Every structure is written in C-alpha cells, then in structure tokens.
Amino acid sequence: MKVKYLVQRVLNMNYKAMLDKISSIHQKTGRSRLSIFWDMQECARKYGAGYMDYDLFEMYNLTPEQRDTYLTRGRNNDIVVKYNDKDHMDDFGDKIKFNARFKQFLHRDWVPVTGENRGDVIAFLARHPVFMAKPSQGSCGWGIEKLKTGSYPSLEALYSHLVERAPLLELEEVIEQHPAVSAIYPGSINTVRMVTIRGKSGKVYLVTAMFRIGNGKFVDNFNSGGMVAPMDPETGAVIDRALDKQKNLYADHPATGTRIKGFMFPDWEKARALVTEAAQIIPEVGYVGWDVCFTPEGPCLVEGNQFPGHDIYQLPVHTPDKIGIMPRFRAIEAEEEKLKKQ
C-alpha cells in the first residue's frame, strides 16, 4: 500500500470511532482488542482497508485470500487516481456542468438557477407545476427538494425563494418511472448504480450493478434511508434481497409487498448501451458510477459519480462466498494488457 495513503489515513483517523469498532468486534468474536487492532493494521497495510472497511466487510472472518478479493477504500482511491484526471472531475461533481455535458442522455427538462436567467427559470416553472430542486454540488441525496409551484403565492415568489441559492441550484422535471419499477416503490425514483471503467484501449467495461430503492423518502440513496440489492450486470436481474443501513433484509418491499429478489429490469440492453456511450463523452474520467433511471420510454441518466464508492457492492450478506469484486477489476486489467500487446 502506498505510503501517501497510509499517512493520510493516520491524519484522518477518528480514534474514538476506531476503538468503538474494536470493542464491537470484540463483543461479537471474543478476540482480544489488541489482536483486533493489530489485525486492522495488517489489513490496512496489505489491502488498503481502514477500520470501517474491516468492520463493514467483516474482515475478521476472512482468510488472507478472501480479504485480497475486496475493493477497499484505499484500493478504490488508487483506481480513481489511475483512471480519473482531477482536471476533469468537476464535470461530474457539479450537476449543472454534468447536465450540460450529458444532456443527450437525460431525456428530461432542466434549468440552472444562476441569478441571471430569470426568464428561463420562470418559463420552466410554468411548464412544470411539480419539479425537483437539486444542489449543484453534494451527494447522498442531501439537499434535494420536491417542490410544487402551487405552494407559493406566485411564480415570482417561488423564483425569489429559489434564487437565494443561486448559482448553486438546478431544477429538473420529475422523471416518470417505468411502471414495473414503480410497482416496487413509487415514492422515489429507484435507480441502478452501474459502474463502468473505460480502459486505455477505449473499451468500456461494466464492472457491477446495484439496484437502489427508496423506503419512506423520495430519494433512493443507501445513506439517506434507502436500500440496495445486487444485480447480475449481464442480464439485469436482481439476484438477492435488499438491505438497508440498519442491516434489515427485504425479499419484498416493506411498503408495497412487491417482490425485489428476482426482478428483471426492462430495457437492460439499452441501459448497458447508454452507459457505454456516456463513458466515452469525457474519456479523461474513466471510472464512473452512473445512476440510471428506467422510464416507459427507456433508460436515462440521473447523474454520474466520479468517486463511485466501494462499500455497497460487496456487503457480507450479499457475498456468502466471501468473495469481493476486486477480481473483476483484475480481469479488466488483464484484458487491457492483452489489448495493449495486439
């Protein structure tokens, strides 16, 4: 593991949180706190796993060979550095820039609130009595509002409210979700996180896919009350139950009773083609987590994440064989090496 990562890890470490994790693992396993601590350090050195990874992936229950199959925070950071040019990252981190660059894949009306485009914003509000207001920067669904023009005395009053957040706000038409996906949970847009790598050869690889489902809120993010379920990226089938952050498992959605495990996504080949094409738009950012929505007219992009994350793809309950997704990245690297030699 790189020295730079280890130094940064020490500087950022929350020692109280680490000690709390050690105590929790001690209670579950009976192992001494000191042995757990030293094992954590070993996992950091060999696999780039912080104490959060050690606990989340239950590395204390894994053999060295199994541990080596997990995409840890350190390894994920290395992949981001390898494939994503920092000079182009803001095209993903800023939703206004993202929408402008990827407008052909959005399939919905949108407008930025700049403070200098009053006419455009008023016209958008006139077209859409219900709409989404999103911070131009941020993650995990934080700060997103679903607003109604009828809740304000006038469009001018609503514009005055919105412009207070300019130029860090964009408005979007509410997406109409595919009826089959909406049947699982109609209270949010339930997206699929599709992770791609664009290799140096120009070939785009679909690494993994996860179904993200709302539960009580109008966002589907795992860190904002949502659930995740693993998928077969080749077929678009949901292959296991959904899990929330409290580690509750759901074969059926608790709000609708609709079956989650076994669900087959409509237009899956179109979704694969969409992210493959989108991955070529900014080749300098080659490692992306795309959030894809399914509508009656086909799939569309909700957003792209230049830091795709690493945690939701290999949770213990979804990996009964105790094998993470690192072998998929290694297989991509091997194929890229072959293509380089041709």
Side-chain angles (χ1 to χ4, degrees), residues 106-108 128-134 139-148 150-151 172-195 208-272 274-275 289-303 305 309 311-320:
L106 301 182
H107 305 314
R108 62 187 177 279
H128 303 291
V130 182
F131 63 94
M132 306 302 296
K134 299 182 179 182
S139 60
C140 300
W142 295 322
I144 295 177
E145 296 181 280
K146 189 173 185 179
L147 300 178
K148 299 179 179 180
S151 300
E172 294 185 9
E173 176 185 4
V174 176
I175 298 172
E176 180 185 358
Q177 190 163 222
H178 193 288
V181 183
S182 187
I184 294 177
Y185 181 66
S188 74
I189 298 301
N190 308 303
T191 62
V192 175
R193 171 65 61 85
M194 303 176 71
V195 180
T208 191
M210 292 290 291
F211 187 21
R212 310 189 324 155
I213 315 162
N215 186 19
K217 297 183 179 181
F218 61 81
V219 294
D220 63 354
N221 195 280
F222 185 63
N223 293 306
S224 298
M227 306 182 290
V228 294
M231 295 176 60
D232 180 342
E234 297 299 320
T235 66
V238 180
I239 57 177
D240 205 343
R241 300 150 295 172
L243 181 78
D244 65 20
K245 203 161 187 182
Q246 289 69 49
K247 298 185 177 181
N248 298 308
L249 277 169
Y250 305 94
D252 306 324
H253 198 288
T256 64
T258 305
R259 177 69 50 162
I260 296 171
K261 182 180 178 181
F263 179 74
M264 294 289 296
F265 268 87
D267 298 320
W268 185 247
E269 285 305 314
K270 290 182 180 179
R272 287 172 58 96
L274 182 147
V275 297
W290 309 97
D291 292 340
V292 178
C293 174
F294 292 75
T295 78
E297 288 74 41
C300 65
L301 285 186
V302 175
E303 64 180 33
N305 301 271
D311 51 357
I312 64 172
Y313 315 115
Q314 44 194 358
L315 297 167
V317 71
H318 292 149
T319 52

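Because the structure is predicted, anything quoted here is derived from the model rather than measured.
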* To do: Sort out for me which residue in Glu176, Glu172, Glu173 forms a side-chain hydrogen bond (donor to acceptor under 3.5 Å, both in side chains) with Arg108.
  =>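 With Arg108 as partner, Glu176, Glu172, Glu173 yield a single side-chain hydrogen bond (donor to acceptor under 3.5 Å, both in side chains), made by Glu172.
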
* Asked: Does Asn190 reach the main-chain N or O of Gly214 with its side chain, forming a donor-acceptor pair under 3.5 Å?
  ->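 Judged by distance alone, yes, a pair lies under 3.5 Å.
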
* Asked: Between the main-chain N or O of Ala242 and the side-chain N or O of His318, is there a donor-acceptor pair closer than 3.5 Å?
  ->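 Here the side-chain-to-backbone pair does not exist.
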
Can you tell if the side chain of [X] reaches within under 4.5 Å of the side chain of [Y], non-hydrogen atoms only?
{"X": "Met194", "Y": "Met231", "value": "no"}
{"X": "Thr258", "Y": "Phe263", "value": "no"}
{"X": "Trp268", "Y": "Asp232", "value": "no"}
{"X": "Val317", "Y": "Lys247", "value": "no"}
{"X": "Val181", "Y": "Cys293", "value": "no"}
{"X": "Val130", "Y": "Leu147", "value": "no"}
{"X": "Val174", "Y": "His128", "value": "no"}

For [X] and [Y], work out which heavy atoms get closest and say how close.
{"X": "Asp240", "Y": "Pro230", "result": "CB-CG, 3.5 Å"}
{"X": "Asp252", "Y": "Gly257", "result": "CB-O, 3.7 Å"}
{"X": "Tyr250", "Y": "Asn248", "result": "OH-CB, 3.4 Å"}

* To do: Mind running side chain to side chain contact (heavy atoms under 4.5 Å, CB included) on Met210 and Leu315 for me, showing each step along the way?
  => CA-CA 11 Å; Met210 292 290 291; Leu315 297 167; 5.6 Å; no

* salt bridge (Lys or Arg N to Asp or Glu O under 4.0 Å) partners of Glu297, counting only residues at least two apart ->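 With neighbours one apart ignored, the set is empty.
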
* To do: Tell me, with the steps shown, if Leu243 and Leu249 meet side chain to side chain contact (heavy atoms under 4.5 Å, CB included).
  => CA-CA 5 Å; Leu243 181 78; Leu249 277 169; 3.8 Å; yes

* Give me the ring orientation class for Phe211 and Phe265: parallel if the planes are under 30° apart, tilted from 30 to 60°, perpendicular past 60°. =>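 Judged by the thresholds at 30° and 60°, the geometry between Phe211 and Phe265 is perpendicular.
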
Which value, rounded to the nearest 0.5 Å, describes the distance between [X] atom [atom1] and [Y] atom [atom2]?
{"X": "Met227", "Y": "Ile312", "atom1": "CE", "atom2": "CD1", "value": "13.0 Å"}
{"X": "Trp290", "Y": "Glu303", "atom1": "CH2", "atom2": "CD", "value": "11.0 Å"}
{"X": "Ile144", "Y": "Met132", "atom1": "CD1", "atom2": "CE", "value": "6.0 Å"}
{"X": "Arg272", "Y": "Asp267", "atom1": "CZ", "atom2": "CG", "value": "14.0 Å"}
{"X": "Arg212", "Y": "Asp291", "atom1": "CZ", "atom2": "CG", "value": "4.0 Å"}
{"X": "Leu301", "Y": "Leu274", "atom1": "CG", "atom2": "CG", "value": "4.5 Å"}

* **Verdict with reasoning, Arg193 to Tyr313, per side chain to side chain contact (heavy atoms under 4.5 Å, CB included)** => CA-CA 10 Å; Arg193 171 65 61 85; Tyr313 315 115; 3.3 Å; yes

* Between Ile213 and His253, does a side chain to side chain contact (heavy atoms under 4.5 Å, CB included) hold up when you go through it step by step? -> CA-CA 9 Å; Ile213 315 162; His253 198 288; 3.6 Å; yes

